Amino acid sequence: MTLVLGIESSCDETAASVVRNGRVVLSNVVASQDALHVKYGGVVPEIASRAHIQRILPVISQAIEQANIRLEEIDAIAVANRPGLIGSLLVGVSAAKALAWSLEIPLITLDHVMAHLWAPVLDGEDVQYPALGLVVSGGHTSILYLRNPVEAVCLGKTIDDAAGEAFDKAASILGLGWPGGARIDVAAAKGSPVHTLPRPKTKGSRPDFSFSGLKTALLYGVRGNPIRKEGKNVFPNSIEDLNEQDIFDWAASFQHAAVDSIIHGIQHAIEHNEVRCIVAGGGVLANTLLRKQLEETATSCNIPIHLPDFEYCVDNAAMIAGLGYHLFEIGHRDQLNVTASPKGIAS
Ligand code: KG4
Ligand code: ZN
């Protein structure tokens, strides 16, 4: 039996988790910072790193307590050291180093995006490789060809906004608040996709994505084309002109267009790559329509698909501990001089 403590601090969630044998989640503690960033409508890096410093030790203690184990029973410490906000990453990496050193156990650093693709294994099934990996989150929208859980080639990615970021901006345009992905999902369920929004396609043969034009099309659709007035761009309409049903319909229209783009990318990747299954992860995988359409696409292409449970879609440390276990088993070890990087495999 191998117990790995996972630590996650790459963006605005401070998280720690204990996972047994890479699969059985004994604890999964996530301290969200949403309340600290909401008034800015997005994550403020300096606020995020300071909040991580305050929360990291209590979160780790809670994860050990909830797993009902002693710290000394941990076999290895895994931490996401890339990609992400550098100040935030350094907090998790420093805590992981200190623990690994004091407990005299291995330190394992890993890529946060690759860890999202371990999420379906948690409390789930083994993934068969080579696999097609789809990561759709607040910071990433990428399709990867996975030779195994840690070796990947990026087949395509967003050339501008990440899908989750576009969901968040769409929610803000529609006055639904931040973070907006889940709010768009709820609003869309009460509306119909009556408005036609663009499904941007990038040039070339890669399954790349673009979400920035879709966001602008939504803004102009809702508020009209801007007019130049006294040297400024002014929108003819305001969000107050819309009734509740209009908001729901726009949310549904946006969600349809965004999900269509993702599905188009994955279909392209399935057609051009020999893989044994699809594995997906990231916060946007909590989206009802995306999950449904991915499952339908996989069924029609006769290829198995692994989606994470809802609690493992958004950032968490169980996925870090899970992938950390795999690296531990194949003998990967990091030195205490290892550092963090804002860039990772898909960035
Ligand atoms: O994976 P994650 O926690 O962060 C990154 O690693 O970037 O993903 C957070 C993103 C946010 O943009 C959030 O709006 C989006 O996931 N999200 C959703 C839903 N739930 C969370 N997007 C669409 N539908 C949802 N139900
Ligand atoms: Zn993430």
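All values reported here derive from a predicted model rather than from experimental measurement.
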Item to check | Between E295 and T297, a side-chain donor and acceptor under 3.5 Å | outcome: no
Checklist entry - Between H268 and H272, does the ring centre distance come in under 6.0 Å? => result yes
Item to check | Between F167 and F211, ring centroids under 6.0 Å | outcome: no
Next on the checklist: Parallel, tilted or perpendicular, judged at 30° and 60°: which one describes the rings of H140 and H112?
Outcome noted: tilted
Checklist entry - Under 4.5 Å between side-chain heavy atoms, hopping through other hydrophobics if needed: is there a path connecting F328 to L26? => result no
Checklist entry - Given the rule that I, L, V, M, F, W and Y join up when any side-chain heavy atoms are under 4.5 Å apart, are I64 and V29 in one cluster? => result no
Item to check | side chain to side chain donor-acceptor pair (under 3.5 Å) assessment of N28 paired with S17 | outcome: CA-CA 4 Å; N28 181 28; S17 162; 4.5 Å; no
Item to check | Note: D126-R23 ion pair, threshold 4.0 Å (strictly below) | outcome: yes
Item to check | Cationic N near anionic O, under 4.0 Å, E230 to K232 | outcome: no
Item to check | With sequence neighbours excluded, residues passing salt bridge (charged side-chain N to carboxylate O under 4.0 Å, His left out) with K215 | outcome: D161
Checklist entry - side chain to side chain contact (heavy atoms under 4.5 Å, CB included) with V279: which of L134, L146, L307? => result L146
Next on the checklist: More than 12 heavy atoms of other residues, nucleotides or ligands under 6.0 Å from CD of Q245: yes or no?
Outcome noted: yes
Checklist entry - In the hydrophobic clustering that connects Ile, Leu, Val, Met, Phe, Trp and Tyr at side-chain heavy-atom distances below 4.5 Å, which members other than V4 occupy its cluster, ordered by chain and number? => result Y325
